[in-house]
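Everything on this sheet refers to the single structure shown next.
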Amino acid sequence: MGTDEQQTTDIAGLDEAQTAEAAAELPAKTAEAAAEQPAKTAEAAAELPAKTAEAAAELPAKKASLGDKIKKLPPLIKRFWKEPLKKDRYLNLKEVLSLGGAAMGVSTIVCIVSSLLTASQISEVYGIDVVHGPYICLAASLLGLIIQPFFSKLLQNTHTKFGRYKPYIFLMAPIFAGLAVAATWQPQTLDDNARVIYAYCICIPTLVMWNLFNNTFQMMPGVVTPNQQERTDAWAPIGLLVGFAPTIMNVIIGPIRSHFLSIGQEYMAYRYMGLICSVVGLLLVMLLIKVKERVIVTNANNESVGVLEGLKMVLKNKPLLIFTLALILGCMRTTIEIDAQIMGKLRYASDIETGLTVFSSLTLITGFAVTPNMILLPLLTRKLNNRTIVMFWAFVNFLGYIILGIVGVQNIPQGTVSAVVLTLLRYIALFNGITSLQPLMLSEISDYQQVMTGKRLEGFVQMFAYTLVLVFTNIGYVVMAYVKQAMGYQPANYFNVTTVSDELMNTAINYYNLAFYVSAISAALMCITMLFYKLDKKKHAEIVEELRRRSLSEGHDELAVEPAAETEIPASVDTDAGEYQQQMASAVPEQPVQDAVPDDHAPVQDAVQEAPKDGEE
C-alpha cells in the first residue's frame with residue numbers, strides 16, 4: 001500500500017516538473033515565432049513584386065496580337081541575317097539564302113542538260129537510232145563509276161581554307177556549263193554517222209561531269225551544319241528552288257519549241273535555252289562562296305584514305321547498302337517520265353503543236369508535285385522516321401502508275417480528257433520529295449560511317465547512292481530501248497513533225513501502257529526494300545552524341561559541347577545511349593578524357609570544324 005502511494009506521489013511530481021518546464025519554454029517559443037513572422041512576411045513581400053512582374057511579363061506574350069508579331073519580325077530577321085536564332089543552330093539567313101541561290105544555279109544548268117540528254121531524248125533530238133541514247137547514258141555512268149572512287153579519295157584527302165567540297169564545285173561549274181552549251185548546240189548539217197559520233201563525243205563527257213558536279217553539291221547539306229534537324233529545315237525550302245528551275249524551264253521552253261517547230265527549226269529552242277541557262281546558272285553557283293563547311297572534328301576523319309581502303313570501309317555501312325539496294329530496285333519507277341513529253345504532245349490535243357503547248361503549261365502542276373512535300377518535310381522529319389516517309393512516297397508512286405497501266409492510254413479520250421486524267425495521275429505518282437530527302441539521309445549515313453570507321457567518306461557514300469544507282473538505271477533504260485525497238489517505237493519519229501500516222505500513234509500508246517507497269521513494279525520493290533532500313537531518329541541521335549564524346553576525348557574540348565538547354569528534343573528520341581551506343585563506343589577504343597577540360601564550354605557553334613580563315617593552315 002505504501003509503495004503505491006509513493007509511486008503516485010512520484011508521478012504527480014514528474015507531471016508538475018514537466019508542466020513547469022513546458023510553461024518555461026512557452027514564452028521562448030512564442031518569442032521565437034514572433035521574431036520569425038516579420039522575416040517571413042518581409043520575404044513574402046519581397047517576392048510579391050517579382051512574381052507580379054513575372055506574371056505581367058507573361059501576360060502580353062500570351063495575348064500578343066498578329067500586329068505585334070509582325071512588328072517583331074523585322075528585328076528578328078535583322079538578327080537572323082548575321083547569326084543563328086538558337087544556340088544549337090549554326091546557319092544564319094545569309095548563308096541559307098546563299099546556299100539556296102547556289103542550289104538554284106546548279107539546278108538551272110542541270111535541268112537544261114537533263115531535259116535533253118536522257119536515254120530517250122538523245123535519240124529524238126540528235127535524230128539517231130533509239131538504242132544510242134541508252135548506250136550513251138550507260139557508257140557515261142560506267143565511266144563515272146570508274147572515276148568516282150578516285151574522285152572520292154581526292155575529296156576525303158582535301159583540306160583547304162575554303163573547305164573540302166567548295167573548291168571542286170567552283171572548278172567544275174564552268175566546265176559543266178561549257179559542255180551544256182555544246183550539248184544543246186547540236187549541228188544540223190552532219191550525216192547520220194557524223195551525228196552519232198558527235199552525240200557520243202559530246203554527251204558522254206557532259207553526263208560524266210553532270211554527275212560529278214551535281215553529286216558533289218549534294219554533299220553540302222551534310223557539312224554546312226552537324227544539326228540534322230537544321231539540315232532539314234534549311235534544305236527543305238531550298239528543295240523548292242531546286243524543283244522550281246526545271247518547272248519554269250519546261251513552261252518557257254514549250255512555247256519556244258512550238259514556235260520553232262512551226263518554222264521547222266525546233267533545235268533552235270535548245271540552243272537559246274542552253275546558252276541562257278548555263279550563263280545564269282554559273283553566276284548563281286558563285287553564291288556558294290558565302291557558305292561555310294562545318295563537321296564535328298575527330299582525328300581519324302582528318303587522316304588520308306586510299307581508294308581500296310575507302311571502299312572496304314563503306315561496304316561495312318549496312319544502312320547505306322540497304323538504301324542503295326532500294327534505290328536500285330526503284331530506279332525504273334519513273335520510266336514513263338522520260339517519254340512524258342512525247343506522250344503529252346500526242347495525247348493532250350488533237351494536233352501536236354497544241355499538245356506540246358498544253359503539256360508544257362501543265363508541267364506547272366506535275367512539276368509542283370514535290371512542293372507540298374518540301375513544305376511539309378521539316379514537320380514530317382520531326383514526326384516520322386525517314387524510312388516511313390520514303391515508303392509512303394514509293395507507295396503513292398506505285399498507286400498513280402498502276403492505275404494508269406490498268407486503265408490504258410487508249411481508253412482515255414485524246415484531248416482535254418487525256419490532259420486532265422494523265423496529269424492528275426502523274427501528279428499523284430510524282431508526289432514525293434525524295435530528291436531533297438536523299439541528301440539528308442546520306443548525311444545521316446555519313447555520320448554513321450564516321451562513328452563506325454572514324455571517317456565520313458561522303459564521296460564513297462555518294463558513289464553507291466548516286467553513281468552505282470545510275471549505272472543500274474541506265475542498264476534498265478538499255479533494256480527498255482530494245483523493248484522500244486522491238487515494238488517499233490522510235491522517239492525520233494515524233495521529233496520536228498506536226499502530225500503522225502495512226503500506226504505510229506498506236507505504237508506509242510502500247511509502249512506507254514507497258515512503261516506504266518514497269519514504273520509501278522519498280523516503285524513497289526523500292527517500298528518493300530525500305531522495310532529493312534533501320535537507321536532511325538533515335539539511333540542517329542545516339543550517333544551524334546557518340547561523335548561528340550569522341551571529339552572531347554581526343555582533346556577537341558569545345559567540339560563536344562552538349563546542345564543548349566532550350567534545344568527541343570523530339571519525344572521519340574531516347575537521350576540515353578543504350579545498347580546501340582555501347583556497340584558504337586566499342587567500335588573505336590575509348591581514350592581517356594583530357595584533364596584540362598574547361599568548366600565553361602564555348603557555345604555549341606564552336607563544336608564544329610570550319611574552314612580556317614585566310615592565312616591559317
Does the side chain of Asp192 come within less than 4.5 Å of Ile128's, by heavy atoms? no
Would you please say whether a donor-acceptor pair under 3.5 Å links the side chains of Trp81 and Asn92? no
From CA spacing to verdict: side-chain hydrogen bond (donor to acceptor under 3.5 Å, both in side chains), Ser418, Gln414: CA-CA 5 Å; Ser418 282; Gln414 186 180 21; over 6 Å; no
Just by modelled atom types, is the Gly400 backbone N or O under 3.5 Å from a matching donor or acceptor in the Tyr427 side chain? no
Over all heavy atoms of both residues, which pair between Val291 and Met220 is shortest? Give the atoms and the distance, please. CG1-CE, 4.3 Å
Is the backbone of Leu384 close enough, under 3.5 Å, to the side chain of Thr388 for a donor and an acceptor to pair up by distance? no
Test your reading of the model: is there a side-chain donor-acceptor pair from Asn214 to the backbone of Trp210, 3.5 Å cut-off? no
In terms of side-chain heavy atoms, does Asp351 have a donor or acceptor partner in Thr354 at a distance below 3.5 Å? yes
Donor-acceptor check, side chain of Asn397 to backbone of Trp393, threshold 3.5 angstrom: yes or no? no
For residues Asp339 and Tyr489, is any side-chain donor paired with an opposing acceptor at under 3.5 Å? yes
Parallel, tilted or perpendicular, judged at 30° and 60°: which one describes the rings of Phe431 and Phe392? perpendicular
How far does OG1 of Thr529 sit from CD1 of Ile322, to the nearest 0.5 angstrom? 9.5 Å
Do the side chains of Pro439 and Trp235 get nearer than 4.5 Å, heavy atoms only? yes
Using 0.5 Å steps for rounding, measure from the CD1 atom of Ile412 to the CG atom of Leu404. 5.5 Å
Can you check whether Pro378's main-chain N or O pairs, donor with acceptor, with Thr381's side chain at less than 3.5 Å? yes
For Met391 and Phe395, what are the C-alpha separation, side-chain angles and deciding distance, and is it a side-chain contact (heavy atoms from CB on, under 4.5 Å)? CA-CA 6 Å; Met391 289 179 64; Phe395 175 76; over 6 Å; no
Report yes if the side chains of Leu179 and Ile175 come closer than 4.5 Å at any heavy-atom pair, otherwise no. yes
Taking C-beta and beyond as the side chain, do Val500 and Ile352 meet within less than 4.5 Å on heavy atoms? yes
Evaluate the side-chain proximity of Tyr512 to Leu346: yes if any heavy-atom separation is below 4.5 Å, no if none is. yes
Side chain Thr108, main chain Gly281, donor-acceptor under 3.5 Å: no
Answer yes or no: are there more than 12 heavy-atom neighbours, outside Ile289 itself, under 6.0 Å from its atom CD1? no
Around Tyr272, counting heavy atoms of other residues, nucleotides and ligands shown, do more than 12 lie under 6.0 Å from its OH? no
Between Asn513 and Gln410, is there a side-chain donor-acceptor contact under 3.5 Å, judged purely by atom types and distance? yes
When every non-hydrogen atom of Asp191 is compared with those of Ala194, the smallest separation belongs to OD1-N, 2.8 Å
Is there a donor-acceptor contact under 3.5 Å from the side chain of Tyr517 to the main chain of Gly405? yes
Please determine, by modelled atom types, if Glu337 and Tyr401 share a side-chain donor-acceptor pair under 3.5 angstrom. yes
How about Met526 and Arg333: do any of their side-chain heavy atoms sit closer than 4.5 Å? yes
How long is the straight-line distance from SG of Cys137 back to CG of Leu470, given to the nearest 0.5 Å? 8.0 Å
If we count only N and O atoms by modelled type, under 3.5 Å, do the side chains of Tyr200 and His132 hold a donor and an acceptor together? yes
Does a side-chain heavy-atom distance below 4.5 Å link Glu458 with Tyr165? yes
Which heavy-atom pair separates Gln490 from Asp129 by the least distance, and what is that distance? NE2-OD1, 3.6 Å
Quick one: does Ser522's side chain have a donor or acceptor within less than 3.5 Å of a partner on Leu329's backbone? yes
If you look at every heavy atom in Tyr533 and Arg387, which pair is closest and at what distance? O-CD, 3.1 Å
Short question: side chain of Lys345, backbone of Tyr494 - any donor-acceptor pair under 3.5 Å? yes
Heavy atoms only: give me the nearest Thr335-Ser519 pair and the separation to one decimal. N-OG, 3.2 Å
Above 12 or not: heavy atoms from other molecules or residues under 6.0 Å from OH of Tyr198? yes
Could you give the distance from CG (Leu275) to CZ (Arg271), rounded to the nearest 0.5 Å? 11.5 Å
Quick one: pull up SG in Cys111 and CG in Leu116 and give me the separation to the nearest 0.5 Å. 11.5 Å
For Thr225 and Glu230, test the side chains for any donor-to-acceptor distance below 3.5 angstrom and give the result as yes or no. yes
I'd like to know if Asp233 pairs up with Arg382 as an ion pair, taking the criterion as any Lys NZ or Arg NE/NH1/NH2 lying under 4.0 Å from an Asp or Glu carboxylate oxygen. yes
Note, Phe323 side chain near Met530 side chain (heavy atom, < 4.5 Å): yes
Interatomic distance, Thr416 atom OG1 to Tyr348 atom OH [nearest 0.5 angstrom]: 12.0 Å
Mark yes or no for whether Asn215, through its side chain, and Gln462, through its backbone, hold a donor-acceptor pair below 3.5 Å. no
For Pro221 and Leu440, which heavy atoms make the closest approach, and how far apart are they? CB-CD2, 4.2 Å
Would Asn432 and Val396 satisfy side-chain contact (heavy atoms from CB on, under 4.5 Å), going step by step from the backbone distance to the final call? CA-CA 8 Å; Asn432 69 75; Val396 172; over 6 Å; no
